[in-house]
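Only one structure is covered here, and it is reproduced in the block below.
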Amino acid sequence: MEAGEELLLLAELKPGRPHQFDWELKPGRPHQFDWKSSCETWSIAFSPDGSWFAWSQGHCIVKLIPWLLEEQFIPKGFEAKNRSSKNETKGQGSPKEKMLDCGQIVWGVAFSPWPSPPSKKLWAHNHPQVPDVFRLVLAMGLNDGQIKIWEVQTGLLLLNLSGHQDVVRDLSFTPSGSLILVSTSRDKTLRIWYLNKHSKQIQVLLGHLQWVYCCSISPDCSMLCSVAEEKSVFLWSMRSYTLIRKLEGHQSSVVSCESSPNSALLVTASYDTNVIMWDPYTSERMRSLHHTQVDPAMDDSNVHISSLRSVCFSPEGLYLATVADDRLLRIWALELKTPIAFAPVTNGLCCCTFFPHGGVIATEIRDGHIQFWTAPRVLSSLKHLCRKALQSFLTTYQVLALPIPKKMKETVFLEPFGMRY
């Protein structure tokens, strides 16, 4: 890219002040050393309804911050640019920040969806003091292989799950509200937990030969993707908990994965500097996004400055966000091969996640800071909405079997957002 193009595209990220982030969270004290990761790891997550933000701020502490959407409200602990703390609005009876002490360094955090009605008596037998209401819970993967489950509204520790023999790297709840949790670990396994009142481990998934970094459950709850310190991407059935297939295409360890909101696409990010978009039903490689060096002055003789760390979909499924070791947050439109916007940071980036209702991206930095960036907002086209609705309940194979012209299938059904070629 030319310098002028960078500035023009970057302005789309936040018109007028493209380099300015909205708020920043900072750790209360310097992070401590961890022999397993060189320093403390950092994890962030928005609750599915957008009402809470979880931040592993170091020293075994996770902070739960109520996320109120009024523009004038800034949660306690945020540093606001050009605003006085006197202008903060505090509503009567509003949710309170919570500090959750896990006793171990936290590697991963994940919110549950709101439980469905049959699950509302969750943990009532073991925790009668907890009101019998619908609960939002937060799972935390720890340094010692344990998983702790907390009730968000009360801050109560509900469960302590044991089984993994090493660091729990990532966690993912089924979007359906069935309270099934998937965990990945450095012990090279994935484990499936059913968090009903008996809270049992129902399956151990074996197959990876190296540390398992990340997992993602498709929104239709049919597939589970897992990636490890390996070149292959594993797809598992969420019905039988068996391996469906392996996706081959990356040239180095795959570190991050996520399904599109309609389950039609899968994206994976690797140390090989590429993001690959897949059709998870046919294993077809739809498109690759290559992270080229933006600043020619940067010397990459000793490190892969464009090695990817994280990839995520925007809530409507039209954009991707990626972070890499070149200290850039990039925003990609799915039909383009170059970023439409990017923003530089002052330290290495670890991960990124979109606010569930769009408009904001949170990024975590290796020194423990959390930054919030303005993200593109779009009005989805009718074509995109129709395709999204159809792909949410029809697989590629089902579309191929439809008695309609081939051109219509390719244009209307099979091209996830106009990418197939």
Side-chain angles (χ1 to χ4, degrees), residues 169-170 172 182-192 203-260 262-292 304 306-313 317 320 322-325 330 332 334-337 351 391 395-400 410 414-417 419-421:
R169 288 293 304 262
D170 193 30
S172 182
V182 179
S183 57
T184 72
S185 172
R186 280 190 175 184
D187 66 11
K188 306 175 187 176
T189 71
L190 295 93
R191 294 175 189 259
I192 315 295
Q203 196 73 34
V204 179
L205 304 186
L206 303 173
H208 286 289
L209 301 178
Q210 302 296 332
W211 297 345
V212 189
Y213 287 143
C214 181
C215 65
S216 176
I217 302 172
S218 61
D220 64 6
C221 298
S222 65
M223 287 189 191
L224 166 67
C225 176
S226 63
V227 297
E229 195 178 10
E230 303 162 348
K231 299 176 184 178
S232 300
V233 177
F234 284 41
L235 289 181
W236 311 81
S237 168
M238 281 298 291
R239 296 183 177 92
S240 63
Y241 300 120
T242 56
L243 182 64
I244 301 172
R245 64 182 66 93
K246 297 181 184 179
L247 305 179
E248 308 289 349
H250 284 293
Q251 303 304 310
S252 188
S253 299
V254 190
V255 295
S256 182
C257 59
E258 186 167 10
S259 293
S260 63
N262 65 351
S263 304
L265 277 179
L266 173 71
V267 291
T268 55
S270 168
Y271 288 153
D272 65 11
T273 76
N274 288 314
V275 169
I276 298 181
M277 302 181 197
W278 311 84
D279 183 326
Y281 299 102
T282 65
S283 305
E284 183 176 356
R285 182 171 169 169
M286 308 296 295
R287 172 162 298 199
S288 294
L289 304 176
H290 182 64
H291 283 61
T292 57
H304 298 290
S306 293
S307 292
L308 283 154
R309 295 292 169 179
S310 182
V311 60
C312 61
F313 271 101
L320 289 176
T322 60
V323 293
D325 283 348
R330 291 173 171 85
W332 308 76
L334 296 193
E335 71 276 8
L336 302 177
K337 288 191 173 182
C351 80
Q391 288 175 332
T395 69
T396 305
Y397 293 116
Q398 290 171 325
V399 171
L400 291 172
E410 293 176 349
L414 293 181
E415 298 179 18
F417 321 126
M419 294 190 308
R420 189 181 292 261
Y421 57 86

Take S253 and E229 through the test side chain to side chain donor-acceptor pair (under 3.5 Å) and record every step on the way to the result. CA-CA 5 Å; S253 299; E229 195 178 10; 4.9 Å; no

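- When each of H250, R309, K231 is paired with Y271, the side chain to side chain donor-acceptor pair (under 3.5 Å) condition holds for R309 and for no other.
- Put simply, the side chain of V254 does not reach to within 4.5 Å of the side chain of F234, judged on heavy atoms.
- Smallest separation of non-hydrogen atoms from Q203 and Y241: CG-CB, 3.6 Å.
- The two residues H291 and T322 have their closest heavy-atom pair at NE2-OG1, 2.8 Å.
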Can T268 and W278 be said to form a side chain to side chain donor-acceptor pair (under 3.5 Å), step by step? CA-CA 8 Å; T268 55; W278 311 84; 2.9 Å; yes

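- For the pairing with L205, the side-chain contact (heavy atoms from CB on, under 4.5 Å) check across V182, L224, T184, T189 returns one residue only, L224.
- Remark: side-chain polar atoms of D272 are paired, donor with acceptor, to backbone N or O of Q251 under 3.5 angstrom.
- When all heavy atoms are compared, the tightest approach of H290 to W332 is O-CH2, 3.7 Å.
- With hydrogens and angles disregarded, no donor-acceptor distance shorter than 3.5 Å links the side chain of E230 to the backbone of H208.
- Shown here for C221 and M238, the closest heavy-atom pair between the two residues is O-CB, 3.2 Å.
- Contact of the S259 side chain with the I217 side chain is not registered, since no non-hydrogen atoms from C-beta on lie closer than 4.5 Å.
- In terms of heavy-atom proximity, V212 sits nearest to S226 at CG1-CB, 4.3 Å.
- Across all non-hydrogen atoms, the minimal contact from L334 to M277 is CD2-CE, 3.9 Å.
- The shortest distance between side-chain heavy atoms of L320 and V311 falls below 4.5 Å.
- Proximity of a side-chain donor or acceptor of N274 to a complementary backbone N or O of I276 within less than 3.5 Å is not detected.
- A donor-acceptor distance shorter than 3.5 angstrom exists from the side chain of D170 to the backbone of C215, with no hydrogens or angles considered.
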Passes side chain to side chain contact (heavy atoms under 4.5 Å, CB included), L308 versus D325? Steps please. CA-CA 6 Å; L308 283 154; D325 283 348; over 6 Å; no

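- Here the side chain of R169 pairs no donor or acceptor atom with the backbone of C214 at under 3.5 angstrom.
- The shortest distance between side-chain heavy atoms of V204 and L190 does not fall below 4.5 Å.
- The main-chain N or O of M223 is found under 3.5 Å from a side-chain atom of S218 such that the two form a donor-acceptor pair.
- Not a single donor-acceptor pair under 3.5 Å links the side chain of S172 to the backbone N or O of S216.
- At least one donor-acceptor pair closer than 3.5 Å links the side chain of S260 to the backbone N or O of L265.
- No side-chain heavy atom of L235 sits less than 4.5 Å from a side-chain heavy atom of K246.
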